[in-house]
Structures are given as C-alpha cells and as structure tokens.
2 protein chains.
Amino acid sequence: MSVRPLKHPEMRSVALADVLHALSDPDRLAIVAALHEAKTPLNCVETMERVGSGLPKSTCSQHYAVLRESGLIWCERRGVELESRLRTAEIEVRFPGLLKSILKARRLESASE
Amino acid sequence: MSVRPLKHPEMRSVALADVLHALSDPDRLAIVAALHEAKTPLNCVETMERVGSGLPKSTCSQHYAVLRESGLIWCERRGVELESRLRTAEIEVRFPGLLKSILKARRLESASE
DNA sequence: TTCTCTTGTTCCGAATCCATGAACTACTAG
DNA sequence: CTAGTAGTTCATGGATTCGGAACAAGAGAA
C-alpha cells in the first residue's frame, strides 16, 4: 500500500461531462466554492472547516481525487498536507463562463432557503 | 405493471446538484441540446434521431425520467408518444445563465475534436 | 370488437459506482 | 524512537445504472 503520485489531466483533454459529474455532489461543490472564495490554496482540513460538514476523511480524500481527475483542482503535497487550488483561469479558457455560472447558481440556491 | 403518472418538480424546489447530475451524462446532455436546438417539443424517437446514438429504449426512458425529475424538461403524453420540451425560461429564472453556459461549453467541446 | 403496430414504461439481474471504517503511508516534532 | 497529524488505500456493503424481456396504452384497420 503505497501512495500514488498525483496526476492532473491537461485542460484540453478535460471532458464537460466529468466536470459536471464532479460538481453534481453537494459536498464537492462546497469544496469548490470554498476554494473559490479563499482565493489562496487550502489544505483539506482548512477546506473542510469552511465547508463545515463532518465528512469522514476517506470520503473527503475520494472527493479530492474526483475533483482533481476531472480537471477542476490542482493539488500539491506540502509535507504531510495536500494543498489544493481551483484551476480557475484554465477552466475559464476551456469553458468560458461555466464555473462562474455554476458558483453563482449555488449562491442563489443557498440564499433561497 | 401500470404506467405511473408524470410528475414534475416545481422549479423553486429544484436542486442545483440534481440538475448537474442530470447533465453529467453525455447522452442526457445530448438530449437536452437537441431539445434546445429544436425549439419545438419533440418525442423520444425524434430526439434520439437527432442525438444519433443507438441507445436501448429502456435506458432512454430512464434518462427522460432523470431529466424530468431534475426539473430540466417538461413532458406530456400525446397519445402513445411522450412530448418533451426544455423548461428553458423557468430554469433561466432559477439559475440565470446556467443552462446557456453549459450548452455553450458542450458546443465548444464538440468543436474541439 | 379484435388484431396489429408504434411508442414508451416497468421489472429484474448483472455490472458498476460510491461511502466509510480500518489499516496504512508519509512527514514533522519532540 | 515515539507520538501526532494529514491524507491515502483497501475491503465491503449498499445504492445506482444499464439493458433485455415483458408489458401498457393509444391509434388505425377490418
């Protein structure tokens, strides 16, 4: 049982369906929103504090893998931590306006209850 | 074994995660794109002709149920057919710009291969 | 009516996906 | 070396999904 190296897709090979699938889970969407608002990279603990849902860490780790493999986030190991950031600019080039409108939709949704 | 009545969610109770999940499947996304381009309601056969994928009809029927229950499409039975249309205007009110940017992203993606 | 064709639905088994606890890696600090 | 922290991997049970077969339901013909 050894830790696999992190691998990130090139943005030009990122599929829309994968992006939408990654964002179709409320917890993953919350992670993305937190990374978006933070503007600075966050590790998992920091992110989950902002998200405020008590997810088991194994589940959390899987969510990060889905987000990473979908092309939405870029991760780097910093010692024992995993530093993640949204690939905002790259995504904007590939799918202009997409991320913005999804994050806006999420804000509207959470404002309406 | 009897056919259940069609039920549609009210738009204000439609969840973003459900919409994204519905659109995260390439075939469903293609159905939505076809309905969008058609501008007029289509039945399943007409839609699948435009989509051009030989999906089994049971799978197809499930996809329609997912799209309907997510709030994306409105369906009515016309005799033996199921007439479907995108709930474009309502969705635009609930999640402004969302559908538009997703459909645009899909066009960009299919143009890039 | 009854027969047949068409369109879509439901059921069910198999395959697949997903969530989570337990065990583990890997790094840091003392 | 030991302990602590951050995250990963594995195993497994539960939930979803796919697709073939059977079915429902309406239209049209006789």
Side-chain angles (χ1 to χ4, degrees), chain A residues 1-8 15 17-31 34-35 38 41-51 53-70 72-85, chain B residues 1-8 15 17-31 34-35 38 41-51 53-70 72-85:
Chain A
M1 203 201 273
S2 92
V3 173
R4 294 182 244 283
L6 297 172
K7 99 187 164 241
H8 298 84
D18 290 340
V19 169
L20 297 179
H21 171 254
L23 295 174
S24 72
D25 176 275
D27 294 317
R28 286 194 296 258
L29 192 47
I31 291 171
L35 291 175
L42 299 178
N43 66 27
C44 299
V45 171
E46 291 165 336
T47 310
M48 296 321 287
E49 274 166 8
R50 294 169 193 228
V51 164
S53 87
L55 278 184
K57 56 187 188 162
S58 56
T59 304
C60 196
S61 180
Q62 307 282 12
H63 282 330
Y64 272 88
V66 170
L67 291 170
R68 185 156 34 75
E69 282 156 30
S70 78
L72 279 164
I73 68 177
W74 190 279
C75 305
E76 274 169 70
R77 295 205 209 281
R78 291 267 181 267
V80 84
E81 303 175 14
L82 185 74
E83 180 181 278
S84 306
R85 76 189 69 199
Chain B
M1 201 199 274
S2 91
V3 173
R4 292 183 245 282
L6 298 172
K7 89 183 177 258
H8 298 85
D18 290 340
V19 170
L20 296 179
H21 171 255
L23 295 174
S24 71
D25 176 275
D27 294 317
R28 286 193 297 258
L29 191 46
I31 291 171
L35 291 175
L42 299 178
N43 67 26
C44 299
V45 171
E46 291 165 335
T47 310
M48 295 321 286
E49 274 166 9
R50 293 170 194 229
V51 164
S53 88
L55 277 184
K57 54 190 190 162
S58 58
T59 303
C60 195
S61 180
Q62 309 279 13
H63 282 331
Y64 273 87
V66 170
L67 290 171
R68 185 157 30 76
E69 282 156 28
S70 77
L72 280 164
I73 67 176
W74 190 278
C75 305
E76 273 168 69
R77 295 206 207 280
R78 291 267 181 265
V80 84
E81 303 176 15
L82 185 73
E83 179 180 279
S84 305
R85 74 187 72 201

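Only heavy atoms go into these numbers, but all of them, side chains included; no hydrogens, no water, no symmetry mates. Please read all numbers here as calculations on a predicted model, not as lab measurements. The sequence lines fix the lettering, A, B, ..., with proteins before strands; numbering per chain opens at 1.
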| message | Can a donor-acceptor pair be found, under 3.5 Å and without considering hydrogens, that links the side chain of B:Arg28 to the backbone of B:His21? | response | yes

| query | For the side chain of A:Gln62, counting heavy atoms from C-beta on, which of D:dG7, D:dC10, C:dG8 is nearest? | reply | D:dC10

| query | Looking at C:dC11, D:dA6, C:dT9, which one has an atom nearest to any side-chain atom of A:Val80? | reply | D:dA6

| field | Close residues, residues 19-29 of chain A, relative to DNA chain C [heavy-atom separation under 4.0 Å] | value | A:His21, A:Asp25

| query | Closest approach of A:Arg68 and A:Cys75, non-hydrogen atoms and distance? | reply | CD-SG, 3.6 Å

| Expressed in angstrom and rounded to an integer, what is the separation of A:Leu82 atom CG from C:dT28 atom C1'? | 17 Å

| Can a donor-acceptor pair under 3.5 Å be found between the side-chain atoms of B:Ser58 and the base atoms of D:dG20? | yes

| task | Measure the spacing between CD of A:Glu81 and CG of A:Leu42 and express it to the nearest 0.5 Å. | result | 10.5 Å

| note | When A:Arg78 and A:His63 are each assigned the nearest nucleotide of DNA chain C, the 5'-most assignment goes to A:His63

| Which atom names give the shortest non-hydrogen contact between A:Leu72 and A:Ala22, and what distance separates them? | CD1-CB, 3.8 Å

| said: Can you tell me which nucleotide in C:dT7, C:dT10, D:dA6 comes closest to the side chain of B:Val45? | reply: C:dT7

| task | Check the pair B:Ile73 / B:His8 against side-chain contact (heavy atoms from CB on, under 4.5 Å), numbers first and verdict last. | result | CA-CA 8 Å; B:Ile73 67 176; B:His8 298 85; over 6 Å; no

| request: For A:Val19 and A:Ser70, work out which heavy atoms get closest and say how close. | output: CG2-O, 3.8 Å

| task | Identify, between A:Thr59 and A:Glu81, the residue whose nearest nucleotide on DNA chain D lies closer to the 5' end. | result | A:Glu81

| note | With the side chain defined as heavy atoms from C-beta on, B:Val3 is closest, among C:dC27, D:dG7, D:dA25, to D:dA25

| request: Please state how far atom CZ in A:Arg4 lies from atom P in C:dA26, giving the value in whole angstrom units. | output: 12 Å

| Between C:dC24 (P) and A:Lys57 (NZ): distance, integer Å | 14 Å

| task | Working to the nearest 0.5 Å, report the span between CZ of B:Arg77 and CG of B:Leu6. | result | 4.0 Å

| Which part of the nucleic acid, if any, lies within contact of B:Ser2, taking any heavy atom under 4.0 Å across all strands shown: a base, the sugar-phosphate backbone alone, or nothing? | sugar-phosphate

| query | Given atom CD of A:Glu69 and atom C1' of C:dC18, what is their separation to the nearest angstrom? | reply | 14 Å

